[in-house]
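Please read the structure below before turning to the comments.
These values consider heavy atoms only, across backbone and side chains, with no hydrogens, waters or symmetry-generated copies.
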Amino acid sequence: MYMNLRLGDLLQYDDIAIQCHDNPDADAIASGYGIYTYLKEHGKNPRLLYGGKQVIQKSNLVLLKDKFDIPIEHVETLEEPELLLTIDCQYGQGNVQKFGGKNLAVIDHHQISCPEALPSLCKIHSNYGACSTIVWYMLTEAGYDVNQNRKLATALYYGLYMDTNRLQEISHPMDKDMRDELKIDKSAVIHFQNTNLSLEELRIASEALASYDYSEKQKFALVKSEPCDPNILGIISDMLIEVDVVNTCIAFCMLGDNVKMSVRSCVKEARADDLASFVSREIGSAGGHVMKAGGFLDGARLKKVYEKELGALGSVRTIDAAHRILRSRLETYFGEEEIIDTDCYRLTLSDMKIYQKNPISVGYARAEDIFPAGTEILVRMLEGDVEITVEAGLCIMIGIDHEIYPSRLENVKKNYETSEEPYDFRGEYQPTVRNTVTGENRPLIPYAKTCISRDISKVYARRLDRRTKLFTQWDKEKYMLGEKEDYLVARKDDPRDLYIVKKDIFSRIYTLCQEEQES
């Protein structure tokens, strides 16, 4: 993440051009409109523009800019402005016509293609679902109430909506916050939805589905499409996952020099978000839900990984390289994993060693201090949302890796030395607690206190020798994921209570017991 840029930093310039990538989509248009609106309201006279060969023609995008009076221009040449700000893209990328600028700035949510070429003024969150979310956060940070501008609020919402396949591939909590907070023109969004698919895109979808690649053994399917709007990939993958013999699928196409993919799963043993993260490792980014996810593969990185994993690239096109990489990784994903269900798994204690918990500092908050007993709440954190009901004695724990989980107050006092000292949170995203009935949102951290674990807890543990999915006693639908070298852990007083601890934090939590060291 490159997070130094604030909107106020742009006000030092008078002649400002906001440039979207060529053939801009809803997210680029909405993001640029957000920056344009801010600058206009601060007395500037910016231009919102894009280059490339094609003028915006897609029906929903024409409707978006016309309905909300978004002054975006198509230009072939540009006199060098004092500041050139690229939005939803990075200066110098293949899908961005190169114009000059005396000063440069970047706001984007894609993977960083060339870190050394980034200007000092930039704001990049590669794990956000849309650039619109970054702009919304920057506007909020600058004290601008987006909900006072219904056109802008709806445009930003629609940008996120389209870039996350109708919100089905949304994953980052900041994206969810914007989705929940914006007050939008719902009828406008419905109108945009109903102008989304053209006859040409219908042809693209049908031809892609007719040339699927299917693994009968592992029941996954791959579909390579012509370049198209990312939302069309979602339509393709949604249709493909409904086939009776397909458990998981990926639809993908070129998007500029990079690859966009849409991922689906209908089996609990393979989460779509996990699968998307696995196939995009080292070459892109991904996010989403249990059943639906999506991601981007960086074209330059993909070629390097292809040569590393599959051999010389030669004349292989980027889209075909992506196909071979995705197929190879899907075969690896399904062929080299272990699935553990605690209901039927027989733990071999002779393969495990006994460890003792270290005195570590974590956080806890009494749920009743935040909302009254009986309230249905949603705790939002970086790893996802947790839905629970407030009860007497319920505590919300904040673990060593800033993960959130519920616990009973009696268990907290048994296993931790509690205090009234405020908890010092240093994670990327501040967890929030939302009343799911009223929508009221409260930050968790101001209610959190510090506690230090006692040294009475002992566990059995062993290193994992392969990628492992664990269905625990408390959740039979979502698995805990462990990579090779992570630890499988079982409580000594209840060996059926299994969980996974990441290798980089295991040594911070546990120490090998003395009797094990002497044996």
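In terms of modelled atom types and a separation under 3.5 Å, the side chain of Tyr157 and the main chain of Lys186 share no donor-acceptor contact. Side-chain atoms of Asp175 never come within 3.5 Å of backbone atoms of Ile170 as a donor-acceptor pair (strictly under, hydrogens ignored). Listed for the Asp185 side chain is no donor-acceptor partner under 3.5 Å among the backbone atoms of Thr154. Using modelled atom types, one side-chain atom of Thr450 and one backbone atom of Pro422 make a donor-acceptor pair closer than 3.5 Å. In this structure, Asn258 contributes its side chain and Asp298 its backbone to no donor-acceptor pair below 3.5 Å. Although no hydrogens or angles enter the test, the distance criterion places a donor-acceptor pair under 3.5 Å between the side chain of Arg434 and the main chain of Gly439. A side-chain donor-acceptor contact under 3.5 Å links Lys268 to the backbone of Lys476. Side chain of Ser328 to main chain of Ile325: no donor-acceptor pair is present (N/O by atom type, distance under 3.5 Å, no hydrogens or angles). With Ser31 contributing its side chain and Asp88 its backbone, the two residues share no donor-acceptor pair below 3.5 Å. Listed for the Thr432 side chain is no donor-acceptor partner under 3.5 Å among the backbone atoms of Asn441.
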Just do the side chain to side chain donor-acceptor pair (under 3.5 Å) check on Thr436 and Glu376 with the steps written out, would you?
CA-CA 6 Å; Thr436 59; Glu376 299 286 338; 5.3 Å; no

Intermediate values then yes/no, salt bridge (charged side-chain N to carboxylate O under 4.0 Å, His left out), Glu309 and Arg329
CA-CA 10 Å; Glu309 296 183 2; Arg329 291 191 169 190; 2.9 Å; yes

Apply side chain to side chain donor-acceptor pair (under 3.5 Å) to the pair His109 and Asn127, showing each step before the final yes or no.
CA-CA 7 Å; His109 75 116; Asn127 51 351; over 6 Å; no

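When side chains are defined from C-beta on, Phe334 does not count as touching Lys217, because their heavy atoms never get closer than 4.5 Å. In this structure, Leu464 and Lys484 have side chains that are not in contact, with every pair of non-hydrogen atoms separated by 4.5 Å or more. Counting heavy atoms from C-beta on, the side chains of Gln356 and Val459 never come closer than 4.5 Å. Contact annotation: the side chain of Ile398 approaches that of Leu444 to within less than 4.5 Å [non-hydrogen atoms, C-beta and beyond]. Annotation: side chain of Val433 is in contact with side chain of Phe371 (closest heavy-atom distance under 4.5 Å).
Within the structure, ring-ring contact (aromatic ring centres under 6.0 Å, His included) pairs that include any residue of residues 398-438 comprise His402-Phe425 (at least two apart or interchain). The list of side chain to side chain donor-acceptor pair (under 3.5 Å) pairs with a residue in residues 358-371, not counting sequence neighbours, reads Asn358-Thr511. For residues 171-190, the set of pairs meeting the ring-ring contact (aromatic ring centres under 6.0 Å, His included) definition, not counting sequence neighbours, comprises Tyr128-His172. Sorted by first and then second residue, the salt bridge (Lys or Arg N to Asp or Glu O under 4.0 Å) pairs with a member in residues 389-407 read Glu391-Arg408; sequence neighbours excluded. Screening residues 126-137 for salt bridge (Lys or Arg N to Asp or Glu O under 4.0 Å) gives no qualifying pairs among residues at least two apart or on separate chains. Every pair passing salt bridge (Lys or Arg N to Asp or Glu O under 4.0 Å) that includes a residue from residues 124-150 is listed here, sequence neighbours excluded: Arg6-Glu141.
Checked by atom type, the side-chain pair Arg462/Tyr487 shows no donor-acceptor distance below 3.5 Å. No donor-acceptor contact under 3.5 angstrom links the side chains of Asn435 and Thr375, judged on distance only. One side chain, Glu169 or Ser262, offers a donor N or O that lies under 3.5 Å from an acceptor on the other.
Partners of Arg327 under the side chain to side chain contact (heavy atoms under 4.5 Å, CB included) rule, at least two apart in sequence or in another chain, are Asp213, Ser215, Phe220, Leu222, Glu331. Listed by chain and residue number, Asp385 satisfy the salt bridge (charged side-chain N to carboxylate O under 4.0 Å, His left out) test with Lys176 (two or more places apart in sequence, or in another chain). Applying the salt bridge (charged side-chain N to carboxylate O under 4.0 Å, His left out) criterion to Arg166, with sequence neighbours excluded, gives no partner residue. Residues satisfying the side chain to side chain contact (heavy atoms under 4.5 Å, CB included) test with Ser265, not counting sequence neighbours, are Thr248, Val267, Ala270, Ala272. Listed by chain and residue number, Arg380 satisfy the salt bridge (charged side-chain N to carboxylate O under 4.0 Å, His left out) test with Asp177 (two or more places apart in sequence, or in another chain). Glu242 pairs by the salt bridge (charged side-chain N to carboxylate O under 4.0 Å, His left out) definition with nothing, not counting sequence neighbours.
Under a 4.0 Å N-O distance rule, the pair Asp493/Lys458 does not qualify as a salt bridge. Salt bridge annotation for Glu336-Arg466: absent, with no cationic side-chain nitrogen under 4.0 angstrom from a carboxylate oxygen. One finds a salt bridge joining Asp497 and Arg491 here, because a Lys/Arg side-chain nitrogen approaches an Asp/Glu carboxylate oxygen to under 4.0 Å. Salt bridge Asp9/Lys123: absent, no basic N to carboxylate O contact under 4.0 Å. Using a 4.0 Å cut-off between charged side-chain N and carboxylate O, Lys219 and Glu269 make no salt bridge. Salt bridge Asp504/Lys502: absent, no basic N to carboxylate O contact under 4.0 Å. Ion pairing between Arg301 and Glu282 fails under the 4.0 Å rule for side-chain N and carboxylate O.
The environment of Arg454 atom CZ is dense: over 12 non-hydrogen atoms of other residues, nucleotides or ligands sit within 6.0 angstrom.
Tyr447 does not carry Arg442 over the face of its six-membered ring by the limits of under 6.0 Å from the centre and within 45° of the normal.
The aromatic rings of Tyr158 and Tyr161 sit parallel, their planes meeting at an angle under 30°, below the 60° perpendicular limit.
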